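Fair warning: this is a prediction, and the values are worked out from it, not measured in the lab. Every number for a ligand or one of its atoms is a count from 1 in the order of the listing.
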Amino acid sequence: MAIAWGTENNLDDTLFYNRKEDLKFLTNILDSSQYGSTPTILLTGIRGVGKTALMNKLKNDFKNEYLVIYMDLSLSDKYQKGEFTREAFMELLYKELINACNEFGLKTIDKKIEKYVKTHDIKLIKEIISYENMPVPIPGLKDNYSKLASFVMDLPQKIYEEYQDKLKGVFIFIDEFQIIKGLDEYNNFLWFLRSIVQSQKNVAYMFTGSMSIKDSLIEDIAGKNGAFGGRMLSVDISPFSYETTKLFERKSRFPRV
Ligand SMILES: Nc1ncnc2c1ncn2[C@@H]1O[C@H](COP(=O)(O)OP(=O)(O)OP(=O)(O)O)[C@@H](O)[C@H]1O
Ligand SMILES: [Mg+2]
């Protein structure tokens with residue numbers, strides 16, 4: 001039985017309960033990224049078991065040392081309009097990356113990106129958007145998806161290289177990943193992702209979403225012949241036991257002050 005206490009996923013530390021083993025395990029693996037061996041992780045587990053909450057907890061734990069980018073594919077405007085595309089994926093990743101840089105306080109990121117855009121032989125600044133007074137160019141590559149894709153996907157590693165003194169590494173957490181099944185020939189997209197992921201020494205990836213254990217997507221991602229086969233660590237999140245649930249109920253009824 002999965003437990004759902006509410007609808008809030010970004011629980012603060014006083015509300016986030018247990019998961020000590022999962023946390024310890026994932027924390028150790030993610031933190032090994034600082035030595036240049038970045039993991040690729042797939043979090044599985046039944047609906048409502050707490051995958052998103054766990055990702056958010058890890059994000060909060062690491063956000064002062066690593067640049068942590070959290071992207072929820074279901075939040076893409078295009079997905080909500082029923083037209084999720086590869087471009088939509090890249091646009092969302094870019095937006096969340098800028099958000100993360102902003103949150104981390106990478107103040108000169110706008111200049112760095114401008115420079116990076118120029119060295120990419122692309123005149124792609126379509127418009128300038130402003131995140132909290134920080135003007136950030138948006139790639140205007142509507143007509144050239146592959147340039148957009150390599151520009152956006154290479155950025156995290158480039159950012160690490162520019163800010164090595166401040167960052168131990170970069171994490172990219174992708175939630176509601178099952179949405180990529182809506183892309184045409186999504187398997188090609190998985191293989192493309194894999195080639196990028198593999199080439200980045202300082203960027204760790206963690207995927208999760210609603211997929212049942214029998215879902216063909218899991219096989220396509222992490223299975224023997226899947227895009228990430230053998231290179232990906234699958235971590236299954238189990239529902240809380242009856243005892244743990246009872247303890248949690250007691251704790252929330254009589255919260256410690
Ligand atoms: N460790 C926890 N402590 C307290 N509450 C939790 C914990 N984990 C999850 N919850 C709560 O349980 C509910 C479901 O969790 P969550 O949305 O993270 O599940 P999920 O596995 O991501 O589900 P889905 O498969 O639908 O995406 C949320 O309301 C969340 O706040
Ligand atoms: Mg979730």
Side-chain angles (χ1 to χ4, degrees), residues 1-31 39-63 68-80 82 84 88-89 92-93 95-96 99-100 171-183 186 190 193 204-222 232-257:
M1 240 300 269
I3 331 171
W5 292 286
T7 48
E8 188 50 63
N9 279 319
N10 206 349
L11 304 165
D12 69 32
D13 279 355
T14 54
L15 287 173
F16 189 87
Y17 187 61
N18 206 280
R19 294 266 175 244
K20 287 202 179 66
E21 292 301 311
D22 296 324
L23 267 176
K24 198 169 137 199
F25 181 67
L26 290 166
T27 299
N28 282 337
I29 291 168
L30 284 167
D31 206 23
T40 310
I41 302 166
L42 177 66
L43 278 189
T44 59
I46 56 169
R47 288 222 69 162
V49 76
K51 302 178 294 289
T52 298
L54 185 58
M55 252 188 182
N56 277 308
K57 165 78 173 143
L58 288 163
K59 179 183 177 193
N60 287 334
D61 288 354
F62 279 112
K63 69 179 180 202
V68 189
I69 300 158
Y70 173 81
M71 74 190 272
D72 174 344
L73 299 189
S74 71
L75 295 182
S76 151
D77 310 338
K78 297 238 173 79
Y79 170 72
Q80 293 179 2
F84 191 68
F89 179 98
L92 183 66
L93 175 55
K95 193 178 132 213
E96 296 299 0
N99 272 336
F171 296 162
I172 300 185
F173 293 171
I174 308 184
D175 203 348
E176 302 299 349
F177 191 62
Q178 78 284 353
I179 286 173
I180 67 134
K181 276 174 89 175
L183 298 175
Y186 80 87
L190 285 177
L193 279 186
Y205 288 80
M206 183 155 69
F207 304 90
T208 195
S210 293
M211 33 195 147
S212 78
I213 211 80
K214 284 184 241 81
D215 202 309
S216 60
L217 180 61
I218 295 186
E219 196 54 32
D220 291 338
I221 301 172
M232 187 177 245
L233 188 71
S234 282
V235 180
D236 194 60
I237 305 303
S238 335
F240 288 140
S241 67
Y242 179 76
E243 288 73 23
T244 309
T245 313
K246 281 283 158 226
L247 279 169
F248 181 79
E249 282 176 355
R250 213 176 307 150
K251 185 180 151 207
S252 34
R253 219 171 300 143
F254 305 107
R256 260 187 266 158
V257 277

The reported gap from CZ in Phe207 to OG1 in Thr44 (rounded to nearest 0.5 angstrom) is 14.0 Å
Nitrogen or oxygen atoms of Leu54 and ligand 1 under 3.5 Å apart: no
Go through ligand 1 atom by atom and flag the ones less than 4.0 Å from a non-hydrogen atom of Glu176. 27 (O)
Side chains of Asn56 and Tyr70, donor plus acceptor under 3.5 Å: no
Report yes or no: does Gly45 have a heavy atom closer than 4.0 Å to ligand 1? no
On a heavy-atom basis, the closest approach of Met71 and Glu96 is CB-CG, 3.9 Å
How long is the straight-line distance from NZ of Lys20 back to OG1 of Thr27, given to the nearest 0.5 Å? 13.0 Å
Hey, is the main chain of Phe89 close enough, under 3.5 Å, to the side chain of Lys78 for a donor-acceptor pair? no
Any N or O of Gly209 that comes nearer than 3.5 Å to an N or O of ligand 1? no
Pairing residues for Tyr186 by the side chain to side chain contact (heavy atoms under 4.5 Å, CB included) criterion, not counting sequence neighbours: Ile180, Lys181, Leu183, Leu190, Ser216, Leu217, Asp220
Counting from 1 in the order shown, the ligand 1 atoms closer than 4.0 Å to a non-hydrogen atom of Ala53 are 8 (N), 9 (C), 18 (O)
N or O contact, Lys51 vs ligand 1, cut-off under 3.5 Å: yes
Between the Mg ion (ligand 2) and Thr52, is there an N, O or S atom separated by less than 2.8 Å? yes
